[in-house]
Amino acid sequence: MLSDQLNQIRVVQALEAFAGAVLDGKLDRNELTLHIAPERIVEVCRFLKTGQQFVRLSGITAVDWHPMEPRFEVVYHLHSMERNERLRLTCRLDGAQPGIDSVFSVWRAADWYEREIFDLFGVTFRNHPNLIRILMPEDWVGHPLRKDFPIHGHKYSYKDG
Amino acid sequence: MNDTLATAATGSKRTMTLNMGPQHPSTHGVLRILLELDGETIVKAAPDIGFLHTGIEKECEVKTYQQVVPLTDRVDYLANLSNNLCYVLAVEKLLGMEIPQRAQWMRVMLTELTRISSHLVWLGTHAIDIGAMSVFLYCFREREDLLRIFEMFSGQRMMTSYFRVGGLALDAPRGWDKVVRKFINEFPSKVDQYENLLTANPIWMQRTKGVGHVALEDLIDIGVTGPMIRAAGMPWDIRKSEPYSSYEQFQFHVPTQKESDVFARYLVRVAEMRESANIVVQALDGMPEGPWQADAPHVVLPEREKMKTQMESLIYHFKIITEGFSVPAGQVYQAIEAPRGELGYYVVSDGTAKPYRVHMRTPSFGNLMAMPHMLEGRLLADSIASLGSLDFVLGDVDR
Amino acid sequence: MGLNGLIGPVPLSWYLMLSAILFTLGVAGFLLRKNLITVFMSIELMLNAVNLTFVAFSRHYKQVDGQIFTFFVMVVAAAEAAVGLAIILTVFKNRSTLLVDDVDSLRL
Amino acid sequence: MDAILFLIFAAIAVACAINLVVQKHPITSALSLVGVMGALAVIYLLLGAEFIAAAQLIVYAGAIMVLFVFVIMLLNAGEEKKPARPSWFAKILGVPLVIAVLGLLNFFVQHGSPDSTITFGEYTGTAKDVGRALFTTYLLPFEITSVLILVAILGAVVLARKEMD
Amino acid sequence: MNFFIISLIKAGIVAAVLMTTLAYLQWVERKVIAHIQLRIGPYRVGPHGLLQPLADVVKLLTKEDLVPSHVNKFFYLAAPIISVALALTSISVIPFGPEIEVFGVRTYLQLTDLNIGVLVLLAISGVSVYGVALAGWSSNNKYALLGALRASAQMISYELPLALAVASPLLLFNTLSLREIVDAQAGYSFGFIARWAIFQGPLPQIISFIIFLIAAFAETNRIPFDLPEAENELVAGFHTEYSSMKFAAFFMAEYANMVTICALATTLFLGGWHPPFPVEFGSNYIPSALFALCGAVALYHALHPARPKDRFTLPVFAVVFFAIALAIAVPALNPILAPLFWFAAKTGFLLFLFIWVRGTLPRFRYDQLMRFTWAFLFPVSIVHLFATALAVALFTR
């Protein structure tokens with residue numbers, strides 16, 4: 001499934017142990033992106049951290065590909081200081097009930113990033129210790145970074161006449 | 001009077017909840033920390049952020065690529081040029097653009113000056129938090145000079161927006177090198193002044209040594225970057241490990257300390273100021289001549305003169321102004337070493353003239369996560385020193 | 001005694017009477033109040049009343065011994081306050097109450 | 001002059017003492033006690049006991065009572081709840097009994113005490129006198145009090161340190 | 001009745017001078033700190049901001065007298081009164097100068113001389129904790145309460161080394177009266193070394209002077225011991241909830257305490273009003289000479305004005321300085337003004353030290369501050385007291 005060029009890369013070779021976890025991959029502008037099956041994300045991450053020296057989670061974010069399906073793409077930026085290497089993992093999630101396992105158990109750094117995505121995109125992270133809104137007020141309706149959320153906010157939109 | 005202090009008199013533990021912020025002199029902005037105190041010892045610290053959330057990431061999606069640059073100024077308003085640089089580098093990476101040497105060196109020089117200015121604000125506020133009032137004003141004296149330099153270059157003191165996709169906004173003004181050289185020649189002696197007041201001061205050492213310690217493994221696990229992690233003994237600096245904007249052509253050290261306490265962070269940042277000054281001197285000495293903008297007419301605005309005389313330039317100018325330039329589809333993550341740590345811009349392009357998604361991996365956001373670890377079990381007075389050593393900017397946290 | 005008495009010297013008995021009144025009030029506070037700290041303060045009031053008697057008699061006999069006694073009483077009161085307040089703190093830590101009536105069992 | 005001063009400060013002392021007993025809030029009581037002590041310090045001055053007057057303020061008002069206030073603030077002790085209803089017997093008998101006791105005391109004091117008057121300034125027990133007596137005649141008790149203080153400090157420290165569970 | 005009239009006049013003069021001093025001390029502090037920090041400080045109201053204290057007073061007086069609804073009103077209002085009353089009372093036992101004769105009336109330059117003057121000052125400083133503690137408690141505010149708890153603990157703790165530091169020179173002088181203490185420091189050993197307590201045999205009291213100063217910083221809640229009002233942790237500490245004149249009262253109490261404690265240090269350790277070297281070497285001319293020098297400098301700057309306004313303001317200053325210099329030089333006034341000058345100069349120098357330190361040092365942490373007094377200052381002062389006692393016992397009698 002992966003191109004030969006990708007299969008040359010050490011990380012990709014190492015990940016062959018996880019059959020079916022890596023759905024796709026891409027080496028673009030010198031950046032490696034691996035497309036991971038959402039249900040396998042935690043074990044892949046744990047393996048990358050312990051086995052492949054990706055000890056740092058640089059950040060997690062999400063992209064909303066509305067109206068495409070699967071709509072949400074959760075993006076993990078991993079970094080290995082020993083190997084001086086960066087790796088991007090992405091997971092595609094359905095728009096109806098977007099949810100994915102939390103990687104908090106792998107990196108504590110995931111805490112706030114996952115809360116931020118929950119807050120701004122409405123993606124839930126299962127097993128997250130404290131999944132509450134972080135940037136928006138607690139009683140906020142909607143998720144601002146979704147593409148169907150108007151830039152002015154609902155309050156000032158003219159949708160309802 | 002009995003319930004005034006919201007005391008939880010359950011069993012033998014009596015704790016008091018103290019709401020530090022959002023309006024508090026030491027939270028450096030609108031940060032709210034819910035502290036649970038047992039006497040003066042912090043049992044639990046829960047930061048509450050988002051008071052400065054302005055939705056910059058959302059706003060980026062409706063601007064053209066060039067229009068995003070002024071927004072990045074507002075993210076970390078103390079290190080605006082670093083934000084400019086990071087965004088610009090990310091877009092240039094998407095475009096696959098080559099930037100002329102002079103622009104790259106100019107960028108390096110100005111971001112290093114930004115680092116100095118940002119560290120000066122940190123040092124001043126950190127010192128005044130611990131009670132050393134005068135250092136604050138000394139630091140702001142030098143920062144004032146720096147802001148004047150920024151104004152000279154860009155016309156703005158803080159919201160510079162000086163770096164543009166494809167180069168700089170303007171060529172360097174006349175006489176810039178004299179002004180910068182004058183500042184940078186005097187600057188090391190100014191750092192000596194701060195150090196005279198603080199480094200060997202027994203009270204300063206008592207207040208900062210052994211305070212706010214977090215082990216290196218924890219720091220890495222929590223995602224802390226920048227001077228904080230270097231103060232714990234990890235010599236990791238993106239300028240060295242993943243050089244950008246021709247940093248590989250400069251000689252500099254990465255100062256580190258072992259102790260991972262407030263004092264170590266202080267030493268690291270002060271040493272970084274000196275290193276930055278060193279880099280600026282190198283940039284001044286070896287500043288290459290040449291164009292300050294890339295030769296990419298579809299991205300870079302043409303010169304005024306050309307626009308008025310050449311049809312082609314006029315068309316490009318019109319197109320860039322009205323609809324911007326389209327960027328090939330793809331996604332890039334560009335990380336740079338901002339004053340506070342790893343600043344990363346994740347830019348997704350769908351091939352149009354507006355970024356599809358801009359995510360800012362800001363250092364303050366990642367560093368602030370370490371705060372509960374730093375505060376819990378320590379004294380309330382230590383919280384001030386620890387918070388100061390985190391060096392966060394709330395605009396950077398909330399975006 | 002008239003108005004003259006008001007600008008003249010003060011009889012010793014007045015001092016003793018003041019001391020008696022203060023002592024009585026101290027006793028009253030000790031018996032009536034329920035708060036441990038207030039009870040403790042009533043004891044201090046009684047000590048003060050006694051001190052006054054000492055000083056008055058010291059003055060009457062023109063000897064300094066009464067003042068020495070007062071001094072010792074103060075030292076004892078200081079020691080007592082330190083230990084007593086420490087005990088009160090401990091009691092409060094363990095029972096979260098300061099009411100005398102609630103501190104009735106011997107174990108802490 | 002003497003009698004006026006005495007009466008003013010005696011009145012203050014008594015008023016503060018009554019306030020101490022009557023007030024519900026411990027802090028108010030504590031400050032009333034400070035008032036009593038201040039008034040007593042002035043009365044000591046009238047009696048010519050300068051050193052004791054100063055010591056009264058330094059030790060009693062400045063140290064012991066500050067400790068009380070400190071502890072009250074620390075514990076955030078609130079107002080006393082209304083105490084259990086006193087018995088009707090105590091209510092009816094209490095006030096007359098107090099008056100009777102005071103009257104009786106007055107009688108004995110007036111008649112039993114040596115009939116002398118005290119004039120301000122006639123005699124002063126200076127700090128020098130007190131010091132001389134303290135370090136000669138009363139040296140042993142003085143040393144013992146220092147041991148007492150030491151024991152008290154130890155006791156207080158032990159009590160404060162002890163982690164009870 | 002003569003006694004009462006003289007006392008009243010003296011009290012009036014001392015009150016007026018003290019109040020002006022307090023107001024201008026604040027101006028001086030702002031100016032000195034400003035110049036340390038490369039600013040110019042108050043400059044707008046009057047020449048060099050000299051009328052700034054007046055403007056501040058007017059501002060504070062006309063501000064709304066705010067009493068928050070959640071406070072314990074009685075104590076909330078009583079606390080600043082207690083603070084300021086005690087702070088102002090204590091100046092009454094400080095001697096400013098020797099016995100003088102004005103219009104045939106002989107009187108001391110002192111409000112009242114008590115046999116136990118030193119003890120009175122200690123007592124007042126002990127009781128003044130109540131103002132702070134009550135302010136914090138009655139404000140019903142967490143920051144204020146924490147500030148008050150810190151303040152009371154700190155003031156009680158530092159009273160010990162303070163009292164012990166005071167006790168050492170008392171062993172030399174053998175008296176508790178402040179007047180006699182100053183008298184005991186008169187004269188010069190070997191004809192030129194002033195017999196101040198810090199120079200006096202058998203054991204110069206320099207160590208206890210330093211201990212006294214450190215404890216004084218803590219007693220007056222100044223940097224590096226200003227934890228009760230550490231604005232970065234506790235907002236404004238015990239006076240967080242206070243505004244307008246009630247706030248000004250705390251402010252005034254702080255400055256009055258500073259003045260008192262510096263005056264006490266001068267009296268106890270620096271020989272009160274006695275000049276640092278004998279009259280034979282011309283110590284009487286120094287004050288006049290100093291003021292004349294000030295006048296000359298002012299005149300010089302008026303001729304070379306840095307700012308246009310200086311051309312008109314500085315000559316006025318020069319005239320005032322020359323007038324003071326002349327007044328001190330007048331033989332009839334010299335015996336009154338020269339001692340006052342020396343007393344004011346020494347106290348002023350100590351006050352300047354307070355301000356200087358504030359511009360330089362960071363502040364301690366609470367537990368460090370407590371450990372500092374109990375584990376270091378207290379033992380050192382006890383040892384020093386023993387040493388002094390031993391020296392006095394061995395060498396003087």
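Just so it is clear, the values below take in all heavy atoms, side chains as well, and ignore hydrogens, waters and symmetry mates. Here the structure is a predicted model, which is why all the values come from computation and not from measurement.
- For Asp64(A), the part lying near chain B is the backbone, with the side chain staying farther off; criterion is any non-hydrogen pair under 4.5 Å.
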Stepwise, does the side chain to side chain contact (heavy atoms under 4.5 Å, CB included) test hold for Glu114(A) with Val103(A)? CA-CA 9 Å; Glu114(A) 292 185 342; Val103(A) 294; 3.4 Å; yes

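- The side chain to side chain donor-acceptor pair (under 3.5 Å) contacts involving residues 42-54 of chain B comprise Arg32(B)-Asp48(B), where partners must be two or more places apart or lie in separate chains.
- Contact count versus chain A (heavy atoms, under 4.5 Å) is highest, among Leu94(B), Val62(B), Ile220(B), for Leu94(B).
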Step-by-step side chain to side chain contact (heavy atoms under 4.5 Å, CB included) determination, Glu59(B) to Val68(B): CA-CA 8 Å; Glu59(B) 232 174 305; Val68(B) 170; over 6 Å; no

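- Dense packing is recorded around NE2 of His66(A), with more than 12 heavy atoms of other residues, nucleotides or ligands lying under 6.0 Å away.
- With 3.5 Å as the limit, one finds a donor-acceptor pair spanning the side chains of Arg46(A) and Ser105(A).
- Ser383(B) places no side-chain N or O within donor-acceptor distance of the main-chain N or O of Leu375(B), the cut-off being under 3.5 Å.
- Closest approach of Pro255(B) to Glu272(B), counting heavy atoms only: CG-CG, 3.7 Å.
- Chain B forms more heavy-atom pairs under 4.5 Å with one residue of Asn30(A), Asp28(A), Leu120(A), Val75(A) than with any other, namely Val75(A).
- Environment of CD in Glu248(B): crowded, with over 12 heavy atoms of neighbouring residues, nucleotides or ligands closer than 6.0 Å.
- Between the side chains of Asn83(B) and Tyr345(B), at least one donor-acceptor pair of N or O atoms lies under 3.5 Å.
- The most heavy-atom pairs under 4.5 Å with chain A, out of Val397(B), Thr225(B), Val348(B), Leu368(B), come from Leu368(B).
- There is no contact between Arg115(A) and chain B, counting heavy-atom distances below 4.5 Å.
- Between chain B and the residues Met136(A), Arg133(A), Glu116(A), the largest count of heavy-atom pairs under 4.5 Å involves Glu116(A).
- Between the side chain of Asp119(A) and the main chain of Leu135(A), a donor-acceptor pair closer than 3.5 Å is present.
- The part of Ile60(A) that comes within reach of chain B is its backbone (N, CA, C, O), which places non-hydrogen atoms under 4.5 angstrom from that chain.
- For a residue to count as touching a neighbouring chain, one of its non-hydrogen atoms must lie under 4.5 Å from one of that chain's; by this rule Gln331(B) touches chain A with backbone and side chain alike.
- Figure legend: cation-pi geometry between Arg361(B) and Tyr333(B) absent, as NZ or CZ is not positioned both under 6.0 Å from the six-membered ring centre and within 45° of its axis.
- Contacts between Glu342(B) and chain A at a heavy-atom distance below 4.5 Å involve the side chain alone, from C-beta outward.
- Heavy-atom distances place both the backbone and the side chain of Ser58(A) under 4.5 Å from chain B.
- Only the backbone of Val106(A) comes within contact range of chain B, with heavy atoms under 4.5 Å apart.
- For chain B, the nearby part of Ala62(A) is the backbone; its heavy atoms alone come within less than 4.5 Å.
- Using a 4.5 Å cut-off between heavy atoms, Pro363(B) does not touch chain A at all.
- Using cut-offs of 30° and 60° for the angle between ring planes, the Tyr346(B) and His359(B) rings count as perpendicular.
- Heavy-atom proximity under 4.5 angstrom to chain B picks out His77(A), His79(A), Met81(A), Asn84(A), Arg86(A), Arg88(A) from residues 76-91 of chain A.
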